[in-house]
J.: 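Below is a structure I'd like to ask you about.
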Number of protein chains: 2
Amino acid sequence: MHKQEVTIYDVAREAKVSMATVSRVVNGNNNVRKETRERVEEVIKRLHYQPNAVAQGLASKKTTTVGLIVPDLTNLYFAELSKGIDDIALLYKYNIIITSIENRLMKEDQVIQSLLNKQVDGVIYMSNRLPDEAAEAFKRTDTPVVLAGTKDNRAEFPSVTIDYKKAGTEAYNLMYNDGKRKLALVVGDPDAVVNSDNRVTAYRKFVKDHDISEEHIYTNVNDYSDGYNLFSQLEKDGIDGVLVTRDSTAVGILNAALDAGKKVPEELEIITSSATQIASVVRPALTTVKQPLYDIGAVAMRMLTKLMNNEEIDDTHIVMPYELVKKQSTLNS
Amino acid sequence: MHKQEVTIYDVAREAKVSMATVSRVVNGNNNVRKETRERVEEVIKRLHYQPNAVAQGLASKKTTTVGLIVPDLTNLYFAELSKGIDDIALLYKYNIIITSIENRLMKEDQVIQSLLNKQVDGVIYMSNRLPDEAAEAFKRTDTPVVLAGTKDNRAEFPSVTIDYKKAGTEAYNLMYNDGKRKLALVVGDPDAVVNSDNRVTAYRKFVKDHDISEEHIYTNVNDYSDGYNLFSQLEKDGIDGVLVTRDSTAVGILNAALDAGKKVPEELEIITSSATQIASVVRPALTTVKQPLYDIGAVAMRMLTKLMNNEEIDDTHIVMPYELVKKQSTLNS
DNA sequence: TTGAAAGCGCTAACAG
DNA sequence: CTGTTAGCGCTTTCAA
């Protein structure tokens, strides 16, 4: 980036007005006579003038840029959330700086700090654990943050989620009604709030309420191969119905089951709680707790625009509807 | 973003040096006495000083930010490319502004212009068609661009790809050797260079060289349902072997075939040329032209860092190796 | 090795 | 409705 070829100053000179006036027409300020506006616009077009957003940012203290913090770009769960965010961001003319934080060369709070140094106007956070250092940095810079599809420990930050407890209970009920009694829960990070305080709690309650003697919670099962490898353990434990948080994990379990000659859903029911593309293209297609991922992202971004605008927010913890979609991995008797 | 709490000026005052000196230690300039440096560093830490990247950008004319232009975030093909880009970007301390351009409320070149206005130091472009307006805007602002997994019409811009022709030919050969004679090609945008000049050309040549009388090229087949719906046409046309550019499309064809009771690969062979996660989790798993997506992204980003640094580049059109991975959707006799 | 000072390109009072 | 004038927070000569 060498010296910018045409600046607001050139336009001002050429249109015989002050920079202030050019700035006004660029920003759609109404206090400009029609003729003046048109003259300036003509010059802008002729000179191919484009405002330097960095200079605008420095002067106005607004960058019209929001940060997205996501564990992994190649996880469709986050990609679909991001799509909803992206569409609303475009609508409100925000650009997106995306930062992934899993398996990284750098520590998470360093990456987040570098994002904040870029003076983003707001942040949408999607990882299921919010480190204290990050929370502090957000507060220190006074940057609005919205959690999408996740929660923090103390419900300090606004969030958009579904009712994970209720969804879990509904899933267990489905399997229970199909006659399954050896129900299991498979999650990734057991300490993430959405898991510990919600999914695990719901599972424990269900088990207790239905006089099921054993608890089967499998943790730190994070991807396809983790799921695939877990299957033998499930079989050993006699599991006949399992709720899995991640699609790819669920598909891993499914494929391992099929490879082992196990019948799904007759001998093993599988429900996944993400409902990304991958859950619907495998055969048998997976029964899912269908989270409205796109909408969660969109609503989170809309909420963030309000926060960045200092508008009033009536509800800072939005709970979106979900749907239990019955496919071929449950009997649905 | 209210007035920044602690600036370089505060640090200077507190450390009893000039802003220039603080700037030097922040930027690792060696021309600072050791004691001075340590004193400044102590103050920086104590005051939680973080440089304002926007101000740095305006003053230095470098934002350490690169733009990513991608059709769709939820397409794993692009997500995996992006991951490679992201890792290398982190390594060189660049942030990423991501911009998706498919089905948008705004025109592509407007979105790109807004990206350029943010003064990104470089751009990685992944869409398979580069509009003239965009190319002009890149040249006008002198912003380095690298194409990842795609090419432009005139090979004006540096690119990182695989040999699509050779890969296609190899795929047809595999099916031909399995005895398939009604071979087809399924692509998305027929006018994209990677398709028109490469995949289609390779297909036509193969057909001609092997005395196959009919050409079967299906275009504008873009997603899972397009693929699913295309199947009946394939069946009508008696196709027994098909090369598909997109994974999701290929899976659509696969599922439609299975639903119709067609045997894959006995009656229909399917090869996909993307090799994302989705191709390997379906059953039968798809034989693929395995593109090194992560590496393509990584190499493209590495090339971009050189361009942004005005370093010499020996080869501006890098061709990466690929691998034809035989799975269950071909006979492999 | 350090500091003074002039910008980078734009916005935002304030005055007229 | 329009112009003047300070900055925004930092980098970068140029001198010392």
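Just so we're on the same page: letters track the sequence lines, and every chain starts at 1.
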J.: Which nucleotide, dG3(C), dC10(C), dC10(D), lies nearest any side-chain atom of Ser18(B)?
T.: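 Minimum distance to the Ser18(B) side chain belongs to dG3(C).
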J.: From CG of Asn27(A) over to P of dG9(C), roughly how many Å is that when rounded to an integer?
T.: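 Computing the Asn27(A):CG to dG9(C):P distance gives 17 Å.
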J.: Would you mind reading off the distance between Asn29(A) atom CG and dC1(D) atom C1', rounded to a whole angstrom?
T.: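 After rounding, the gap between these two atoms is 10 Å.
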J.: Would one find more than 12 heavy atoms of other residues, nucleotides or ligands at under 6.0 Å from atom CD of Glu35(B)?
T.: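 No, CD of Glu35(B) has 12 or fewer neighbouring heavy atoms, counting only those of other groups under 6.0 Å.
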J.: Please tell me which of the listed nucleotides, dT1(C), dT2(D), dG3(D), lies nearest to the side chain of Arg33(A)?
T.: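 The closest nucleotide is dT2(D).
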J.: Does the distance from a Lys or Arg side-chain N to an Asp or Glu carboxylate O, for Glu5(B) and Arg140(A), drop under 4.0 Å?
T.: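 Not counted as a salt bridge, because no side-chain N and carboxylate O are separated by less than 4.0 Å.
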J.: Take the protein atom NZ of Lys118(A) and the nucleotide atom P of dC10(D), then report the distance between them rounded to whole Å.
T.: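 Going from NZ in Lys118(A) over to P in dC10(D) covers 14 Å.
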J.: Taking Asp10(A) first and then Arg13(A), would you say they form a salt bridge - that is, a charged N and a carboxylate O separated by under 4.0 Å?
T.: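 Salt bridge between Asp10(A) and Arg13(A), a charged N being under 4.0 Å from a carboxylate O: yes.
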J.: Rounded to whole Å, please give me the gap between CZ in Arg13(A) and P in dT4(D).
T.: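 About 15 Å, once rounded to whole Å.
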J.: Side chain of Thr7(B) only, heavy atoms from C-beta on: which candidate in dG3(D), dC10(D), dT11(C) is closest?
T.: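 The closest nucleotide is dC10(D).
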J.: Starting the side chain at C-beta, find the nucleotide from dG9(C), dA12(C), dC1(D) nearest to Ala59(A).
T.: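 Minimum distance to the Ala59(A) side chain belongs to dG9(C).
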J.: Rounded to whole Å, please give me the gap between CD in Gln50(B) and C1' in dG9(D).
T.: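 Spelled out: CD on Gln50(B) to C1' on dG9(D) is 14 Å.
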J.: Please report, rounded to the nearest Å, how far the P atom of dC10(C) is from the CD atom of Gln119(B).
T.: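 Result: 9 Å.
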J.: Compare the minimum distances between each of dT2(D), dC10(C), dT1(C) and the side chain of Asn52(A), then state the nucleotide with the smallest one.
T.: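 Nearest to the side-chain atoms of Asn52(A), counting from C-beta on, is dC10(C).
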J.: Side chain of Pro51(A) only, heavy atoms from C-beta on: which candidate in dC10(C), dG9(D), dT2(C) is closest?
T.: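 Selected nucleotide: dC10(C).
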J.: Mind calculating the distance between CG (Leu58(A)) and C1' (dC10(D)) to the nearest angstrom?
T.: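 Whole-Å distance recorded here is 8 Å.
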J.: Report the nucleotide, chosen from dT13(D), dC10(C), dT4(D), that has the shortest atom-to-atom distance to any side-chain atom of Arg24(B).
T.: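 The answer is dT13(D).
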J.: Can you see if the side chain of Asn31(B) gets near the phosphate of dT1(C) - specifically, an N or O under 4.0 Å from OP1 or OP2?
T.: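 Asn31(B) to dT1(C) OP1/OP2: side-chain N or O found under 4.0 Å.
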J.: Among the candidates dT11(C), dC8(D), dT11(D), find the nucleotide nearest to the side-chain atoms of Lys61(A).
T.: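 Given the options dT11(C), dC8(D), dT11(D), the side chain of Lys61(A) is closest to dC8(D).
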J.: Can you tell me how far CD of Gln119(B) sits from OG1 of Thr143(B), rounded to the nearest 0.5 angstrom?
T.: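 If we round to the nearest 0.5 Å, Thr143(B):OG1 and Gln119(B):CD are 8.0 Å apart.
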J.: Rounded to the nearest Å, what distance is computed from the CD1 atom of residue Ile8(A) to the P atom of nucleotide dT4(D)?
T.: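 It works out to 14 Å between those atoms.
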J.: Which part of the nucleic acid does Val17(B) contact within heavy-atom distance under 4.0 Å: base, sugar-phosphate only, or nothing?
T.: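 Val17(B): backbone/sugar contact only, no base atoms under 4.0 Å.
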J.: Within the structure, does a side-chain N or O atom of Tyr49(A) lie under 4.0 Å from either OP1 or OP2 of dC10(C)?
T.: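 For dC10(C), OP1 or OP2 has a side-chain N or O of Tyr49(A) closer than 4.0 Å.
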J.: Which residue, Gln56(A) or Thr36(B), contacts DNA chain C at a nucleotide closer to its 5' end, judged by nearest heavy atom?
T.: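 Result: Thr36(B).
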J.: Determine the contact category for Thr21(B): base if any of its heavy atoms lies under 4.0 Å from a base atom, sugar-phosphate if only primed atoms, P, OP1 or OP2 are that close, otherwise nothing.
T.: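 It contacts sugar-phosphate atoms only.
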J.: Give the nucleotide from the list dC10(C), dC10(D), dT12(D) with an atom nearest to the side chain of Ser60(B).
T.: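 Out of dC10(C), dC10(D), dT12(D), the nucleotide with an atom closest to Ser60(B)'s side chain is dT12(D).
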J.: How far apart are the C-alpha atoms of Lys93(A) and Ser114(B), what are their side-chain angles, what is the distance that settles it, and do they pass the side chain to side chain donor-acceptor pair (under 3.5 Å) test?
T.: CA-CA 9 Å; Lys93(A) 311 215 186 295; Ser114(B) 119; over 6 Å; no
J.: Inspect the contact between Lys139(A) and Glu156(A) and indicate whether a charged nitrogen and a carboxylate oxygen are less than 4.0 angstrom apart.
T.: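 Looking at Lys139(A) together with Glu156(A), the answer is yes, because their closest N to O distance falls below 4.0 Å.
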